[in-house]
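Here's the structure, in structure tokens; my notes come after.
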Amino acid sequence: MKTIVLEEPERLTTVDREDPGGPVAGEALVAVRRVAVCGTDLHAFLGNQTFFTYPRVLGHELAVEVLETGPGVSNVAPGDVCAVEPYLDCGACVACRAGRPNCCASLRVLGVHVDGGLCERLRIPARKLHPSKTLGLDALALVEMLCVGAHAVGRAALEPGSRALVIGAGPIGLGVMAFAQLTGAGVIALDVDPARLEHCRRALGVELTVVAGEGADRRVEELTGGDRAEAVFDATGSPASMAAAFGHVGHGGRLVLVGHANAEISFSDPLFHAREMTLLASRNARPDEFTRAIAALEEGLIDPAGWITHRATFDDLVGAFPAFARREGGLVKAIVDLG
Ligand SMILES: [Zn+2]
Ligand SMILES: [Zn+2]
């Protein structure tokens with residue numbers, strides 16, 4: 001079957017790989033229909049993704065159709081279309097036992113630690129499939145990205161009327177903003193790129209925006225009546241931005257690091273203590289957040305269709321990917337259509 005492999009940074013090749021074979025107990029064989037391209041994929045292509053080894057088949061934001069199920073599978077049936085929870089957890093470690101498989105001690109993520117979805121067919125544990133009777137394939141391919149936002153918002157335990165500052169207006173930041181709005185929080189978006197802030201306004205109606213750099217701190221203070229934010233989310237993966245984010249947290253507030261960086265982040269302890277901040281990491285998402293995100297899409301509470309700025313077919317992808325990686329043409333989200 002046709003598969004696209006990232007052999008090494010900047011070198012994607014199309015190869016013919018052996019078919020995955022029939023599903024065993026608890027598994028499903030699925031046809032991959034859509035793959036959304038993530039920042040992780042772009043960084044892997046450019047050779048600057050943390051915890052990444054080559055060669056690798058990319059693709060963890062997937063919409064799939066069930067072809068066949070193995071013994072003991074009851075949550076999906078052939079013909080179902082599903083979003084995929086691409087986090088393969090061990091089920092036994094301290095995090096898994098606590099109901100937090102998203103941060104399993106031996107987590108393997110499809111398309112990152114093991115081969116992912118840029119291929120025609122995959123065998124996958126059926127419990128990792130989240131079907132919808134009404135959503136289209138594009139929407140299903142965006143579910144994983146949205147879940148990362150839902151999880152980050154859950155980590156911050158946002159309350160209605162509180163102020164949430166979201167730093168980084170890429171797809172993950174947009175997901176954080178969308179779920180923060182659903183909790184009734186007021187959202188402020190901060191990004192280095194005014195065009196991305198304009199996109200926040202158009203796509204999500206986020207009126208309060210701040211351009212990163214000199215004066216950003218004062219602007220956040222102004223927009224919050226001097227309080228700064230009750231919850232700050234950093235979705236940039238930039239060590240400098242993550243370090244600066246501490247300054248935007250109000251007294252008693254929380255900082256959630258959604259993006260991650262292969263670096264040490266330092267902060268002022270007097271600032272951290274004076275404001276009695278809570279610092280949280282947010283990694284991936286839990287299964288119940290997939291259920292919630294799909295429900296939010298089905299009910300029309302979130303509509304990320306306008307976030308898709310670029311498309312490619314499976315045949316075009318090798319040629320199109322370098323321009324995606326350079327984010328040409330104002331790339332927010334690219335979708336690969338496998339038919
Ligand atoms: Zn992703
Ligand atoms: Zn585990």
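Since we're looking at a predicted model, the values are computed, not measured.
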Are [X] and [Y] close enough for a salt bridge, meaning some N to O gap below 4.0 Å?
X    : Y    : value
E221 : R218 : no
D138 : R311 : yes
E8   : R11  : yes
R163 : E230 : no
D89  : K128 : yes
E61  : K333 : yes

Legend entry - Charged tip of K2 within 45° of F314 ring normal and under 6.0 Å: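 Yes, K2 lies over the aromatic ring of F314.
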
Distance, nearest 0.5 Å, that separates [atom1] of [X] from [atom2] of [Y]:
X    : Y    : atom1 : atom2 : result
L62  : L110 : CG    : CG    : 6.5 Å
L12  : L118 : CG    : CG    : 8.0 Å
T236 : L257 : OG1   : CG    : 8.5 Å
I4   : R56  : CD1   : CZ    : 16.0 Å

Legend entry - N262 atom CG, neighbour heavy-atom count above 12 within 6.0 Å: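 For N262, atom CG is not crowded (no more than 12 foreign heavy atoms under 6.0 Å).
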
Indicate the atoms forming the closest heavy-atom contact of [X] with [Y], along with that distance.
X    : Y    : value
M145 : I172 : O-CD1, 3.9 Å
V57  : D115 : N-OD1, 3.0 Å
L165 : A229 : CB-CB, 3.8 Å
F179 : V153 : CB-CG2, 3.9 Å
R286 : N102 : CG-OD1, 3.5 Å
P239 : G237 : CD-O, 3.6 Å

Legend entry - Polar side chain donor-acceptor pair, T313 to D337, under 3.5 angstrom: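 No - no donor-acceptor pair under 3.5 Å links their side chains.
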
Inset, instruction - Please check if any side-chain donor atom of H130 sits under 3.5 Å from a side-chain acceptor atom of E85, or the reverse. - result: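 Yes, because at least one side-chain N or O of H130 sits under 3.5 Å from a partner of the opposite role on E85.
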
Legend entry - Test side-chain contact (heavy atoms from CB on, under 4.5 Å) applied to E159 - qualifying residues, sequence neighbours left out: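 By the side-chain contact (heavy atoms from CB on, under 4.5 Å) rule, E159 matches S162.
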
Inset, instruction - Would you confirm whether R100, through its side chain, and A95, through its main-chain N or O, come within 3.5 Å as a donor-acceptor pair? - result: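 No.
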
Inset, instruction - Look at the rings of F45 and F321 and say which category their plane angle falls in: under 30° parallel, 30 to 60° tilted, over 60° perpendicular. - result: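 Ring orientation of F45 relative to F321: tilted.
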
